[in-house]
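To start, the structure under review is shown below, and the notes come after it.
Every heavy atom of this structure was used, including side-chain atoms; hydrogens, water molecules and symmetry mates were not. Here the structure is a predicted model, which means the values were calculated and not measured. Naming convention: chains lettered A, B, ... in sequence-line order (proteins, then strands); numbering from 1 in each chain.
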Amino acid sequence: MNKFSVIGQSLPKIDAWAKVTGETRFADDLLLPRMAYAKLLRSPHPHALIKRIDTARARALPGVYAVITGHDLPRVKFGILPVSQDEEALCVDKVRMVGDAVAAVAAVDEETAERAARLIDVEYEALKPLMSIQESLANPEARIHEYGDGPNIHKAVALQFGDVEAAFGASHLIREDVFYFEGNTHLPMEQHAAVAHWGPDGKLTLWSSTQTPHYVHRLLGKILDVPQAHIRVVAAPVGGGFGGKLDPFAHEIAACKLSQIIGRPVKIALTREEVFYVHRGRHPVLMWIKTGFTKDGAITGMHFRSWLDGGAYGSYGVASTFYTGALQTVTYKIPVYKFEGARIFTNKPPCGPKRGHGTPQPRFAMECQIDKAAEQLGLDPADMRRRNLAEPFTKTANHLTVSTIGLGECIDRVVEASGWREKRGKLPPGRGIGIACSSYLTGAGTAIYWNDMPHSGVVVRADRSGLVAILCGATDIGQGSDSVLAYLVAEVLGIQPMDIRVHPADTDLTPVDLGSYSSRVTLMAGNAAIQATTRLRDKIFEAAAKKLEVTPDRLAARERRVFVADDPEKGMTFAEAVALGESMHGVLAFPGSYAPPKRAGKYKGGGVGPSPCYSYSACVVEVSVDEETGEVKPTEVWIAHDIGRSLNPLLVEGQVEGSVYMGLGEVLMEEQVFRKGVHKIPSMLEYKSPTTLETPEIHTILVETDDPEGPFGAKEAGQGPLLPVIPAVANAVHDAVGVRIDETPISPDKVIKALDLKRQGKLPRVGPDKLPLFKFPEPRAVESAFGQPAEHIAERPFGR
Amino acid sequence: MKAQLTLTVNGEARDVVVAVHKTLLEVLREDLGLTGTKHGCELGECGTCTVLVDGEPVLSCLALPVELQGRDIKTVEGMADGSRLHPLQQAFAELGAAQCGYCTPGILLTAEALLEDNPTPSRDEVRVALAGNLCRCTGYTKILDAVELAALRMKGARAS
């Protein structure tokens, strides 16, 4: 008999039926009686002072209910991170990017609101726009913000774990390489939307397409001058997030305020152009990486520098900056490590946490450099990686605790499946194959604001009808988190997911969950759900055991029955057992809580990087390169992912395939570029993303390691598998035509340029060669923790 | 300027009085309450708002209802036969072809039109038919699998 009855099955998602019939109600599908429609007026200037705003003509337009500016809101700046409170919903004195909101209108319909917004007169005094890291550093007098670690420097950090210079001295090969990762955006199919209703009782409800209803709840309390207890935030099903709906946004705040003023519900939906402006996407990052290697390809030490183009606001940027230096160490053995990073403000939409948050860029740099080193050392790039894997259940140089590592098996499986040994260096001209590996968090080990409360809470209740309901603050953004909770609870109770209703993401009804980011929900909400359900099952078993005249430890729950494990005939239906439990104990509703182990390194910045466990991926990509046009076509992708345990293979494969697709888009075509202070391409037609025709066959292999930290051993799947795809393509292009493109996207023009260089006998490489003149702070020297055994998991406040 | 129109939507005649410049997308969602049709760009770039007009995929964000009287308009709400799902809907649900589900209605209808014209498409023919519908979640793999499964089942159903 299979150990599990639900776990490991490829079941449909519990919301699949609603999604295929159009019944799912996204935020913009909500309609309330008397609802008004809102629009924002946004700045056409990248950097300007606001001299005057006149709303008279807009207010006079028939059908307009209200027009507000920043003067109508409390003058409190906000931001997702406590250290970067630099945003205003409606800018008062200054705009810092094209798309900054300066006024908002509520009207009888969207068309009237839009017409009214155009009637608002704003007088700007243009300031010098700073559109790149270099421009911002070169013009300290044109400061974008008045705070930070220097003029236009949002954050500058430096960390050192052991003596890297000594390690380089003892190396057989030292490589220094420079890479650039272009910015790109999430492009969720759903444009952000929200409906606010400030009721006559003075209480506010906001329905929004947000990945973090808890943080929006917290921020609204701060911004709107109303007790947080009087605010309810409901996350509507999210039509694609990828990190783009993780911040509190101007449109949400404006809708709330307008609703308060006009006494009607207010809906606001962004246009596609506005979605490009709210952004929070992938940071453009310039990187310098110096690594020492032994003759056998082992890494002796690494020094990594990153410069992030942060855009106009802080957003998650401090975390993003640390993330560009955090996870290099969890994949391979790196005994000593040094990291310096800086995030620079520019007059562009703010960057933030796109899928993989701050780690795809350094992963691209590192995995391409390893490929170059392997070539120089005459080693097979797959073997070189395989031999140098980090050790399970140890600490890294930068004090991260690693548990299980399935990467060795991942490499073996993709090498085998792809025919790597038969293909590498042996494919016909113009065709090539490349490999890369990666690892990613299964949930951030610390919350965005420091606190000792649970990161995830779940209430599971059951009653005499046999009904089981799960209440959890987690937000389903398409990744299937509602379904995963149902699978876990069904497994523990011996019922089917169908028997369960999941009520997610409503701050009035559900315990706090921090949100759908950092690949945290399956592990954290999952562990909380298991704790709650175990408590519920104990009470049910206690009552059923009494009736069956056995001890509770002899009972099992399966196939919708509660029965004596070694005498299965002796038992009752699940609903009967619940009724007995309700008779004995009263109402059956039990909480579960989860907080990750406290493993933050004892240094400033040590809170970014720790995670209960890390997922691992290995990817092989085969490409064909057209030497005439420079076009790179990925023809086949093999990816193996260490998932810990696959709770539902169908869902895991879906996450892996989606990650591969998004990685291919980033490496081959997607870019967020600007011209003369203006976003060059704020439309889906011009922002190239892969269609069915550009997405190749993807072969997904799942590797299980049964991690002690995960629910039933599970790790994350939603972000990690994106990471290796990008360098694997770059490495495959090199195998195909012998050129190095050290800059994303690997677009035809760059390939052509590199091929021209090759023909001229020059270094066949396209990529950055200049680094900004920049002095990083003195590094904080911390002893390397490399190789130390993982600490025994300390007593947790909220155990499993 | 407003016009009184009679539109045939999912086999039902529906009377509406709407501004003549309103798009089919807006009229379906706002005047007829058929919110199953989604919008992704409202510029004809993403395929999200696809509906069928006389069996052909049409971007409802670019179509004007004033031109569509007497035409047969079908939205995702019209795919199921009563409570019996269309084989495409069934296959999409079973195979995880809908993640966030936002592009799903448009893709389902485009696929329905494909299978009507070509009941046994190759995988590449499915790719070509769906090339105008963006999906950011799935990497398209499960979508292609689901269309193939539905085609097989519909073929089986016709044979029996």
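Between A/Glu670 and B/Arg136 a salt bridge is recorded (basic side-chain N to carboxylate O distance below 4.0 Å). A salt bridge does not link A/Arg272 to B/Glu42: none of the charged nitrogens lies less than 4.0 Å from a carboxylate oxygen. Between A/Glu653 and B/Lys142, at least one side-chain N (NZ, or NE/NH1/NH2) sits under 4.0 Å from a carboxylate O, which counts as a salt bridge.
If you measure heavy-atom distances from A/Thr271 to chain B, you find no contacts under 4.5 Å at all. Heavy atoms closer than 4.5 Å to chain B are found in both the backbone and the side chain of A/Met189. Contact annotation for A/Ile477: only backbone heavy atoms (N, CA, C, O) come within less than 4.5 Å of a heavy atom of chain B. For A/Glu697, the parts sitting under 4.5 Å from any heavy atom of chain B are the backbone and the side chain alike. Using a 4.5 Å cut-off between heavy atoms, B/Tyr140 contacts chain A through its side chain alone, with no backbone atom that close. Looking at B/Ala98, both its backbone and its side chain come within 4.5 Å of chain A, counting heavy atoms on both sides. Heavy-atom distances place both the backbone and the side chain of B/Val128 under 4.5 Å from chain A. If you measure heavy-atom distances from B/Thr48 to chain A, the contacts under 4.5 Å come from the side chain alone. Contact annotation for B/Leu88: neither backbone nor side-chain heavy atoms come within less than 4.5 Å of a heavy atom of chain A. Contact of A/Glu23 with chain B is not made at all, since no heavy-atom distance falls under 4.5 Å. With a 4.5 angstrom heavy-atom cutoff, B/His39 touches chain A via backbone and side-chain atoms both. If you measure heavy-atom distances from A/Asp28 to chain B, the contacts under 4.5 Å come from both the backbone and the side chain. If you measure heavy-atom distances from A/Val238 to chain B, the contacts under 4.5 Å come from the backbone alone. Heavy atoms of B/Leu108 lying under 4.5 Å from chain A belong exclusively to its side chain.
Heavy atoms only, all atoms of each residue included: A/Trp17 and B/Ala93 are closest at CZ3-CB, 3.3 Å. When every heavy atom of A/Met684 is checked against every heavy atom of B/Leu134, the shortest pair comes out as CE-CD1, 4.4 Å.
Ranked by heavy-atom pairs shorter than 4.5 Å toward chain B, the options A/Gly665, A/Ser683, A/Pro237, A/Ser659 are led by A/Ser683. When each of A/Ile698, A/Asp15, A/Thr24, A/Leu187 is scored by its heavy-atom pairs under 4.5 Å with chain B, the top score falls to A/Leu187. Per-residue heavy-atom pair counts under 4.5 Å with chain B were compared for A/Ala18, A/Pro690, A/Gly480, and the maximum is reached by A/Pro690.
Judged purely by atom type and a 3.5 angstrom limit, A/Lys13 uses its side chain to pair as donor or acceptor with the backbone of B/Gln99.
Annotation: B/Arg158, atom CZ; neighbour count of heavy atoms from other residues, nucleotides and ligands within 6.0 Å is above 12. Other residues, nucleotides and ligands place more than 12 heavy atoms under 6.0 Å from the CD atom of B/Gln69.
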